[in-house]
Amino acid sequence: MRDELDHHVIVVGFGRVGQAIVTGLGELGRQCVVLDRNADRQDEVRAAGAIEVVGDATSEDDLRKAGIDRADALIAACDTDAENP
């Protein structure tokens, strides 16, 4: 399903802010891909209605897995500025 996404929003980080963003975008009918390094959050991401990609937003390969070439936007929602791409 991830490979078929187009015009989606990539949300980097699924902490408190990332979760709020995914919820808000879902209410607007936007499909989200969450890119997060923590594999333990996969079930939470799915429960929020998003597609999960475990990886690092500083990695071009991981951004490609999240469909960066077809995405409308990328929102960096990591806990610290150093982690945001």
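Residues Leu63 and Leu74 meet the side-chain proximity criterion, which asks for heavy atoms closer than 4.5 Å. Taking 4.5 Å as the limit, every side-chain heavy atom of Ile21 sits out of range of all side-chain heavy atoms of Val9. Counting heavy atoms from C-beta outward, Asp72 and Arg30 have side chains that approach closer than 4.5 Å.
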Enumerate, atom names and distances included, each donor-acceptor pair closer than 3.5 Å involving a side-chain atom of residues 44-51, sequence neighbours excluded.
{"residue": "Arg46", "atom": "NE", "partner": "Glu52", "partner atom": "OE1", "Å": "3.1"}
{"residue": "Arg46", "atom": "NE", "partner": "Glu52", "partner atom": "OE2", "Å": "3.3"}
{"residue": "Arg46", "atom": "NH2", "partner": "Gln42", "partner atom": "OE1", "Å": "3.4"}
{"residue": "Arg46", "atom": "NH2", "partner": "Glu52", "partner atom": "OE2", "Å": "2.9"}

- For the pair Gln19 and Val22, evaluate side-chain contact (heavy atoms from CB on, under 4.5 Å) and give the outcome as yes or no after the intermediate values. CA-CA 5 Å; Gln19 290 174 24; Val22 169; 5.9 Å; no
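With Val53 as the fixed residue, the side chain to side chain contact (heavy atoms under 4.5 Å, CB included) test singles out one of Ile10, Asp36, Leu35: Leu35.
Hydrophobic cluster membership is shared by Val17 and Val11, with clusters built from Ile, Leu, Val, Met, Phe, Trp and Tyr side chains linked at under 4.5 angstrom.
Side-chain contact check for Thr58 and Asp56: at least one donor-acceptor pair (N or O, by modelled atom type) lies under 3.5 Å.
For the side-chain hydrogen bond (donor to acceptor under 3.5 Å, both in side chains) test, residues two or more places apart in sequence or in another chain that qualify with Glu60 are Arg64. Residues forming a side-chain hydrogen bond (donor to acceptor under 3.5 Å, both in side chains) with Asn38 (at least two apart in sequence, or on another chain): none.
Between Val33 and Ala66 the shortest heavy-atom distance is CG1-CB, 3.8 Å.
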